[in-house]
**Q** 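Once you've had a glance at the structure underneath, I'll fire off some questions.
Just so you know, residue 1 is the first one in the sequence shown, and it goes up from there. Since the model is a prediction, treat every value here as computed from it, not as a measurement.
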Amino acid sequence: MPTILYLCGTQDPPTVGARIAREGDARWLPSGELEVARGEGEQRTSYRFLFHASAANAAAELARTLCDLVVVDNRPDPRRPYRSFAATPAGKLLPVLSSLRGGSRNVSRRQLVLLLSTGETLARDVYVAGAMKLGGYVVDPFVEPDRPGQGFLDQLATMLGTRRPGKLALCLSGGGIEGLIYELGVLRALDEFLVNRKIPDFDIFCGISAGAILAAFLANGVPVAELIAGFKDGTETLDAVDRSILFHPNAGELVARLGGLARGLLRRALGGPGGLRAGPDAAEGRTASSLARFDVIETLMRIVPGGFFSGHRLRWYLEEQLTRAGRTNCFRQLRKELYIGATDQDSGRPVVFGEAGYRDVPISHAVRASSALVPYYPPEPLLGRYMVDGAFTRTTNFSVAIRHGARLVTIVNPFVPLLGARPGATDREGGAFAALQGVKALVHSRFEQAFLHIDEVYPDVDFHVFIPEGEELEQLTGTLMKFFYRVEIADLAYEHTMARLRRQMPGIAEQFRRHGLILRDPRSEEPVALSGPAPAAPAVPDVAARAG
């Protein structure tokens, strides 16, 4: 059932609702919503209207409810015409929508429809609708149509349209161990709502940093529940993760750098190759001169290793887990598509393992490279290059999923900075915390900027974004390296996601239905009632065809 938010202009909701009710079988719900049904049999379609009298209330509704269309009555009162577009209901709503954060914005500009009337402001509003790339406009919406099929609901049905189904993608970003645990809580909730296809049944998995670890297992068909149990306590087919795997000191590199420093000092003291052959007096002079030019700070900076922890045991752990219980450590042998994002440290360019030219790297090595967040882990040498964390260049790789055919993209991004109202709250937590907040702010601002015009770039793709907010965000303010398993993070993410999914039903169910997914509240025995039959689920790509 498509959900339509109606922002009233000069008319009140009962008047508007009475006019819409004439075009079908209508009933007012106790919540104040209007449900209108049209057609017969399989062609019968229902619409759910939410009415709001102010732009502020409409924006608040859109922050918590997934709507398929937003209708804004921009028709002026003939006695008091709007002096500018900014003073119209649409002019007040658009800036508020633009300011909503990624996970809270449930509507795009292409889903906004303006109701206009013939008159002096028509040309201006039509121009603005086109310039701002809105979904469309309807002129004189409630005038009796000249012929059947041109009524108000007919025009809305045309604008609603149907996005063609395609592959289902899951994109998981970084966020350290805490972020990984948050992602598990979100996936647990979403997995419980899915009826006909579970999370591992998706077609495309994109992972960066901590998200790459989960993506590698999900692409191998490991259920979400097993991942949670395995990472926490271990199962018969999945070993638990302990401190020695994650926090093994990078002593080898430190020793090597100290050895290099000692050799460099010795060469300086001896004046280079053959330095002692000119006699002891000359050698003593060269030694004093070399040491005088010795830059203590620069040399000490070179001693610092590329990472505090080696990361070797993480790679070994992944290799062992991905080569047992029917899993594979090879991109080419996967039945699903897996794309792991990393960054070439020296060129600063993003690298996507799993794409052409990068499929022969073992998955465990690709994940280790994607997780190489300096200064925690040093770079991973691969293909003659040095690879570091993928978050340095991209946040979720959703564009990669779309390039490979995704039409429903679910994004989980816990790499979000804490927004504090108290001045100096971040500084009081210390320099390490402040630096982390700075990195999070840079990465998340890039993510939000990418989503600012996402509907214009990918008009035929549906997105659903999960980011931590409120209590969840407060739990994610520690170091990236806090050890497993912080149950409170997973439980809080699970509870908040369950509440959000229930709050946004049936709107989110209708969106997922367009792509062959059926949702059901675990507390209910029946799937959400929807309009029309669900499309067939996309076929699983042939493995042999993808091997090249």
Side-chain angles (χ1 to χ4, degrees), residues 62-67 100-108 168-194 197-200 202 204-215 218 224-225 227-228 391 394-398 401-402 406 408-419 440 443-444 446-448 450-451 454 461-477 486 488-505 507-509 511-512 515 517 519 521-522:
L62 290 172
R64 61 178 181 266
T65 305
L66 191 68
C67 294
L100 290 177
R101 301 173 66 222
S104 300
R105 191 177 64 183
N106 296 320
V107 68
S108 68
L168 310 176
L170 176 67
C171 297
L172 304 172
S173 75
I177 296 172
E178 292 182 337
L180 185 147
I181 298 172
Y182 169 83
E183 290 175 333
L184 282 173
V186 171
L187 295 179
R188 175 190 167 195
L190 182 58
D191 202 58
E192 290 184 7
F193 265 80
L194 291 169
R197 296 180 73 179
K198 296 296 186 179
I199 295 292
F202 281 25
I204 298 174
F205 297 89
C206 294
I208 288 179
S209 196
I213 298 175
L214 295 181
L218 291 169
V224 175
L227 279 177
I228 295 174
R394 287 178 177 166
T395 308
T396 63
N397 262 348
F398 65 82
I402 297 170
L408 176 64
V409 180
T410 301
I411 297 173
V412 188
N413 176 24
F415 209 56
V416 179
L418 177 65
L419 303 177
K440 284 185 175 183
V443 172
H444 190 62
R446 182 183 63 203
F447 175 76
E448 288 193 317
F451 259 80
I454 194 70
V461 180
D462 284 317
F463 293 90
H464 205 71
V465 184
F466 294 91
I467 62 173
E469 297 176 330
E471 290 181 273
E472 299 170 299
L473 194 53
E474 292 176 3
Q475 288 290 338
L476 295 172
T477 58
R486 294 191 60 194
E488 64 272 21
I489 293 179
D491 289 347
L492 198 59
Y494 169 77
E495 293 167 2
H496 279 234
T497 305
M498 293 290 282
R500 173 180 172 181
L501 292 173
R502 290 190 178 105
R503 186 172 63 246
Q504 294 182 345
M505 300 282 269
I508 186 175
Q511 183 190 64
F512 277 50
H515 302 275
L517 293 177
L519 296 186
D521 189 333

**Q** Do you know which two heavy atoms are closest between Ala169 and Ala406, and how far apart they sit?
**A** CB-CB, 3.6 Å
**Q** Could you give the distance from CD1 (Ile177) to CD1 (Ile213), rounded to the nearest 0.5 Å?
**A**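 If I round to the nearest 0.5 Å, the distance is 8.5 Å.
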**Q** Do the two ring centres, one from Tyr494 and one from His496, sit under 6.0 Å apart?
**A**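 No, the ring centres sit 6.0 Å or more apart.
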**Q** Which value, rounded to the nearest 0.5 Å, describes the distance between Arg197 atom CZ and Leu517 atom CG?
**A** 6.5 Å
**Q** Thr410: what forms a side-chain hydrogen bond (donor to acceptor under 3.5 Å, both in side chains) with it, not counting sequence neighbours?
**A** none
**Q** Could you check if a side-chain atom of Met498 sits within less than 4.5 angstrom of a side-chain atom of Glu192, using non-hydrogen atoms only?
**A** yes
**Q** Could you tell me whether the side chain of Glu183 and the main chain of Ser173 form a donor-acceptor pair under 3.5 Å?
**A**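 Yes, the answer is positive, given that a donor and an acceptor are paired below the 3.5 Å cut-off.
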**Q** Using a 3.5 Å distance criterion without hydrogens, assess whether the side chain of Asp191 forms a donor-acceptor pair with backbone atoms of Ile199.
**A**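 Yes, Asp191 side chain to Ile199 backbone: donor-acceptor pair under 3.5 Å.
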**Q** Report yes if some heavy atom in the side chain of Arg503 is under 4.5 Å from a heavy atom in the side chain of Ile508; otherwise report no.
**A**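 Result no, sub-4.5 Å side-chain heavy-atom pair not found.
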**Q** How long is the span from the CD1 atom in Ile204 to the CG atom in Leu408, to the nearest 0.5 Å?
**A**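 Rounded to the nearest 0.5 Å, the CD1-CG separation comes out at 11.0 Å.
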**Q** Leu62 and Cys67: which non-hydrogen atoms are nearest, and at how many Å?
**A**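 Looks like CD2-SG, 3.8 Å.
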**Q** What's the spacing between Thr396 OG1 and Phe415 CZ if we round to 0.5 Å?
**A**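 Answer rounded to 0.5 Å: 13.0 Å.
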**Q** At their closest point, which heavy atom of Gln511 faces which heavy atom of Phe463, and how far apart are they?
**A** NE2-O, 3.7 Å
**Q** Testing the basics here: between Ala401 and Cys171, what is the closest heavy-atom pair and its distance to 0.1 Å?
**A** CB-SG, 4.1 Å
**Q** Apply side chain to side chain contact (heavy atoms under 4.5 Å, CB included) to the pair Leu218 and Val224, showing each step before the final yes or no.
**A** CA-CA 8 Å; Leu218 291 169; Val224 175; 4.1 Å; yes
**Q** What heavy-atom pair brings Phe202 and Leu168 nearest, and what distance separates the two atoms?
**A**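 Of all heavy-atom pairs spanning Phe202 and Leu168, the closest is CB-O, 3.8 Å.
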**Q** Test Val409 against His464 for side chain to side chain contact (heavy atoms under 4.5 Å, CB included), laying out the working first.
**A** CA-CA 6 Å; Val409 180; His464 205 71; over 6 Å; no
**Q** Please report the closest heavy-atom contact between Tyr182 and Ile467, naming both atoms and the distance.
**A** OH-C, 3.1 Å
**Q** Does the side chain to side chain contact (heavy atoms under 4.5 Å, CB included) test come out yes or no for Leu187 and Phe466, once each step is laid out?
**A** CA-CA 10 Å; Leu187 295 179; Phe466 294 91; over 6 Å; no
**Q** How long is the gap from CD on Glu488 to CD on Glu178, to the nearest 0.5 Å?
**A**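 Answer for the CD-CD pair, Glu488 versus Glu178, is 9.0 Å.
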**Q** Quick one: CD1 on Ile411 to CG on Leu172, what's the gap to the nearest 0.5 Å?
**A** 10.0 Å
**Q** Could you tell me whether the side chain of Phe193 reaches within less than 4.5 Å of the side chain of Pro522, counting heavy atoms only?
**A**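 The answer is yes; the side chains approach within 4.5 Å.
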**Q** Quick one: list whatever passes side-chain contact (heavy atoms from CB on, under 4.5 Å) with Ala212, sequence neighbours left out.
**A**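 By the side-chain contact (heavy atoms from CB on, under 4.5 Å) rule, Ala212 matches Ile340, Val367, Ser370.
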**Q** Is any side-chain heavy atom of Val412 closer than 4.5 Å to one of Leu190?
**A** no
**Q** Quick one: salt bridge (Lys or Arg N to Asp or Glu O under 4.0 Å) partners of Arg502, sequence neighbours excluded?
**A** Asp521
